[in-house]
Amino acid sequence: MPIARPAASLALEGFELRVLHLPLVSPFTTSFGTETVREVIVVRALTSDGDGWGEIVTGADPLYSSEYTQGAWDVALRFLAPALLDRRTLAPEDVAGVLEPFKGHRMAKAGLELAVLDAALRAEGRPLGEYLGAMRDRVPSGVSVGIQRDPAALVDAVAGYLDEGYVRIKIKIRPGRDVGDTAAVRDVFGTIPLQIDANSAYTLADADTLAELDRFDLLLIEQPLQEDDLVDHATLARRLRTPVCLDESIVSDKAAADALALGAASIINIKAGRIGGYLEAVRIHDRCLAAGVPVWCGGMLETGIGRAANAALAALPGFTLPGDVSASSRFYTRDIVTEPAVLEDGHVRVPTGPGLGVQLDPVALDEVTVARETLTR
């Protein structure tokens, strides 16, 4: 289901990049560590037809992936943005091709592509969801729960999110905080849709421990092994009854094709930043839809910019599992958009305005900006 109608070309005049520091409502702990402040880059594409916004979802440290804020800032300003500006006129569908010679840096590329895409669609008055092929006006919302102080604190946190109306719970695990934590949640909450995320914290030597998790009737186990361990994931998948879902391993449509061919995953988490952009996300979605493989939309603690884009993506027909498109208040007391995502009966609405369908709050944006640079032709 490729993009039905490409967007029009734009005359690019410049890019503005900002590093933001957004305090989190509560600390977020995974196997990589604990975040209390979300450091992220937002991108503004300046064009003759109006501006557009994107988000580079790197973190402060290269822990989730090799990408990190200062590296993305450098490569975007030094190489990627100048390459796009050299084209003067380009369509959003051209961005990936222009940036392809630069190896890696998919999160930086995705943020720039989204800014160009938002500008182009705003100029045409087309919503991003319509452009991508969305089939729903709202998407079911799951929540990602970080590792807590102890299993009792985890149960309390899960109870709070269920009370708010979230329809699926994902808990983070790591060695020593896996079977016990999962058992505690399952014992208290029975048959709720539950999945676990290891963020690459295990090896095949831990297969017996991971097999113990089969008894909890989980939706899936996400990224149990290292990101480059497709063969080991295939071996592990044959050991487990719980479906294996890949996240960090899926860096492109090609990686998704390889994982499916090897039997390394029966479910795929699609994160547009991790794979280089929303157009590549559509390609992975289409591949999985044709193969009958469920996909869902993961989250990177996005601001209202990325959250709006994720809601549009998650409304495509192949997204049959609830994703991490949670309410903005899950992470931020004050978002940088004027109408943050809210939870309505366990769902988040897909914005219907032109482009991303959200407007930036200039006061909130300035308050959390710690660095800013503009590059023009």
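Please read these numbers as outputs of a predicted model, since none were measured by experiment.
The same ILVMFWY cluster, assembled from side-chain heavy atoms under 4.5 Å apart, contains both V57 and V43. In this structure, L262 is a member of the same hydrophobic cluster as L240, with clusters built from ILVMFWY side-chain heavy atoms closer than 4.5 Å. No continuous path of ILVMFWY side-chain contacts below 4.5 Å connects L220 to I268, so the two sit in separate hydrophobic clusters. Tracing side-chain contacts under 4.5 Å through hydrophobic residues (I, L, V, M, F, W, Y), one reaches L112 starting from V75; they form part of the same cluster.
Side chain of R186 to main chain of G190: a donor-acceptor pair is present (N/O by atom type, distance under 3.5 Å, no hydrogens or angles). Between the side chain of Q226 and the backbone N or O of S200 there is at least one donor-acceptor pair closer than 3.5 Å. Put simply, the side chain of R168 gets close to the backbone of G323: a donor and an acceptor are under 3.5 Å apart. Between the side chain of D94 and the backbone N or O of A91, at least one donor-acceptor pair lies under 3.5 Å. Of the possible donor and acceptor atoms, one in the side chain of Q223 sits under 3.5 Å from a partner among the backbone N and O of L225. Without hydrogens or angle criteria, D335 side chain to G304 main chain gives a donor-acceptor distance under 3.5 Å.
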Apply salt bridge (Lys or Arg N to Asp or Glu O under 4.0 Å) to the pair R377 and D86, showing each step before the final yes or no. CA-CA 7 Å; R377 286 200 278 113; D86 282 348; over 6 Å; no
Are R239 and D208 close enough, and set up right, to give a salt bridge (Lys or Arg N to Asp or Glu O under 4.0 Å), and what steps lead you there? CA-CA 9 Å; R239 286 279 312 273; D208 288 344; 2.7 Å; yes
E124 vs R122, test: salt bridge (Lys or Arg N to Asp or Glu O under 4.0 Å). Steps then yes/no. CA-CA 5 Å; E124 294 180 27; R122 285 181 193 267; over 6 Å; no
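Minimum interatomic distance between G125 and P354 (heavy atoms only, all atoms of both residues): CA-CB, 3.9 Å. Closest heavy-atom contact between A119 and L10: CB-CD1, 3.7 Å.
Taking 4.0 Å as the cut-off between side-chain N and carboxylate O, R106 and E67 do not count as a salt-bridged pair. Between K271 and D324 there is no salt bridge, since none of the side-chain N atoms of the basic residue sits less than 4.0 Å from a carboxylate O of the acidic one.
Between S252 and I275 there is no side-chain heavy-atom pair separated by less than 4.5 Å. A 4.5 Å side-chain heavy-atom check between L260 and V293 finds at least one atom pair inside the cut-off. A heavy-atom distance below 4.5 Å is not found between the side chains of F15 and L77. Looking at heavy atoms from C-beta onward, I270 lies out of side-chain contact with C297 at the 4.5 angstrom threshold. Counting heavy atoms from C-beta on, the side chains of K172 and L154 never come closer than 4.5 Å. The closest side-chain heavy-atom distance from L90 to L12 is below 4.5 Å.
Side-chain contact check for Y64 and D247: at least one donor-acceptor pair (N or O, by modelled atom type) lies under 3.5 Å. Using modelled atom types, one finds a donor on one side chain and an acceptor on the other under 3.5 Å when comparing R307 with S326. A side-chain donor-acceptor contact under 3.5 Å links N269 and E222. There is a side-chain donor-acceptor pair under 3.5 Å between Y278 and N310. Judged by distance alone, the side chains of T303 and E55 do bring a donor and an acceptor atom under 3.5 Å apart.
When the shell of 6.0 Å around CD of E164 is examined, it contains more than 12 heavy atoms from other residues, nucleotides or ligands. Around the CZ atom of F189, the shell of radius 6.0 Å holds more than 12 heavy atoms that belong to other residues, nucleotides or ligands.
Paired with K170 under the rule side-chain contact (heavy atoms from CB on, under 4.5 Å), one option of V143, D197, I196 passes, and it is D197. None of R287, R283, H285 except one satisfies the side-chain hydrogen bond (donor to acceptor under 3.5 Å, both in side chains) rule with D253; the exception is R287. Paired with K109 under the rule side-chain contact (heavy atoms from CB on, under 4.5 Å), one option of V95, L99, L84 passes, and it is L99. Looking at E227, R174, E248 one by one, the single match for side-chain hydrogen bond (donor to acceptor under 3.5 Å, both in side chains) with N199 turns out to be E248.
One distance of note links OG1 of T30 with CD1 of I173; it measures 12.0 Å at 0.5 Å rounding.
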